[in-house]
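A short write-up of the structure that comes next.
Because the structure is a prediction, the values reported are computed rather than measured. Labels below follow one simple rule: chain letters A, B, ... track the order of the sequence lines, proteins then strands, and each chain is numbered from 1.
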There are 2 protein chains.
Amino acid sequence: MRKDSRLSRMLHVLIHMDRLGGPATSERIAKMLSTNPVVVRRTMAGLRQQGYVTSVKGHGGGWSLAMPLNKISLLDIHNALGESSVFTIGLSDEYTHCPIEQAVNKAINDVLIEAESLLLERFGEVTLDVLAEGIADFLSPSFTKDKGC
Amino acid sequence: MRKDSRLSRMLHVLIHMDRLGGPATSERIAKMLSTNPVVVRRTMAGLRQQGYVTSVKGHGGGWSLAMPLNKISLLDIHNALGESSVFTIGLSDEYTHCPIEQAVNKAINDVLIEAESLLLERFGEVTLDVLAEGIADFLSPSFTKDKGC
DNA sequence: TTTCATGTAACTTATGATGTTTCTTAAATT
DNA sequence: AATTTAAGAAACATCATAAGTTACATGAAA
């Protein structure tokens, strides 16, 4: 089943952005992610809407962090990306009147809700500055390389 | 993102099967699920391989439960369906050497593992007989109807 | 020996995410 | 003012893959 790695990739980008002097263009970010600028804009749009990044048009423009990394949690970015559910598991909806289907779906859904609550709680506990801790500063310039990271 | 409702649907089917006198053909199950027999065989094959159901060819053949419902948990069927991960969230793998990617992926993965453990644990605690409890017996014959359930 | 039903392989379709093209808008440089 | 740079956005194309379908083989009962 298809995986959505946007959370992982965006966190990666945000931390690199924090180490960058100025704004990062969609093009540069796209190269870093081996994708293209439009996809980057599409994804970053959600983060901008929630206030985590800003975008500036024109010369010298691009994307910048709108707040320090310690104000941004994994949960924040997860929510900003706007995915409805974290699970590949879905419920059947063919026989909503059938008590067996109801019982099965309730049992599954109860578990999904509990597991998702735990996941979101944990995501909320981790801020991006913690992830960036202990990573040497000399890594910063490599982001500026074309293929680099 | 696409959802996999096979678990929900198969549990539904298994409980109905338990209330049936004889074996259920792939065709009948397919009608119940608004799908076709080959898809049913494909899905049920995993359950047979793990010993939860048996299949018999030819006249009067079909699918039968190989054990009582109280021996089968949600986890059993989930595992038998053989899906690798329960999450839509995936990790990036573009820069496995990048310490930032590593830190991001470890943080996400730690949470996923914890949440998945809880989910699987809960699935293991629920057996199908519990789901079938309190459901009136007169429902049974309706499974035999063409569109019914 | 005919019918019924599963087993399996190969192929087709449907869906949704991702990628691409094209054009518009806006800001800084010349 | 004209040019360049870069985001915004709409429309369309591609791709991956789960689900659906067809066709045929196998095997068991009537």
- Task: Between A:K57 and A:T35, just flag the one whose closest nucleotide in DNA chain C comes earlier from the 5' side.
- Result: A:T35
- Note on the structure: Joining Ile, Leu, Val, Met, Phe, Trp and Tyr whenever any side-chain heavy atoms lie under 4.5 Å apart, the cluster holding A:L118 also takes in B:L118
- Quick one: list whatever passes salt bridge (Lys or Arg N to Asp or Glu O under 4.0 Å) with B:K106, sequence neighbours left out. B:D110
- Query: Which nucleotide in the list D:dA7, D:dA19, D:dA29 gets nearest to the side chain of B:R2?
  - Reply: D:dA19
- Query: Hey, what's the ring geometry for A:H16 with A:H12, parallel, tilted or perpendicular (30° and 60° as the breaks)?
  - Reply: tilted
- What are the bounds, 5' to 3', of the part of DNA chain C that sits under 4.0 Å from heavy atoms of chain A? C:dG16 to C:dT29
- Message: Whether B:N36 contacts D:dG20 is assessed here as follows: a side-chain N or O lying under 4.0 Å from the phosphate OP1 or OP2. Is that the case?
- Response: no
- Find which nucleotide of DNA chain D each of A:R42 and B:V56 is nearest to by heavy atoms, and output the residue with the more 5' nucleotide. A:R42
- Distance check: side-chain N/O of A:T25 vs OP1/OP2 of D:dA6, anything under 4.0 Å? no
- Message: Is it the case that the side chains of B:S55 and B:R48 hold a donor-acceptor pair, with the cut-off being a distance below 3.5 Å and no angle test?
- Response: yes
- Item | Rounded distance in Å - CZ (A:R28) to C1' (D:dT5) | 14 Å
- Query: Are side-chain N/O atoms of B:N105 and A:S8 paired as donor and acceptor at under 3.5 Å?
  - Reply: yes
- Query: Taking CZ from B:R41 and P from D:dT26, how many angstroms apart are they, rounded to a whole number?
  - Reply: 16 Å
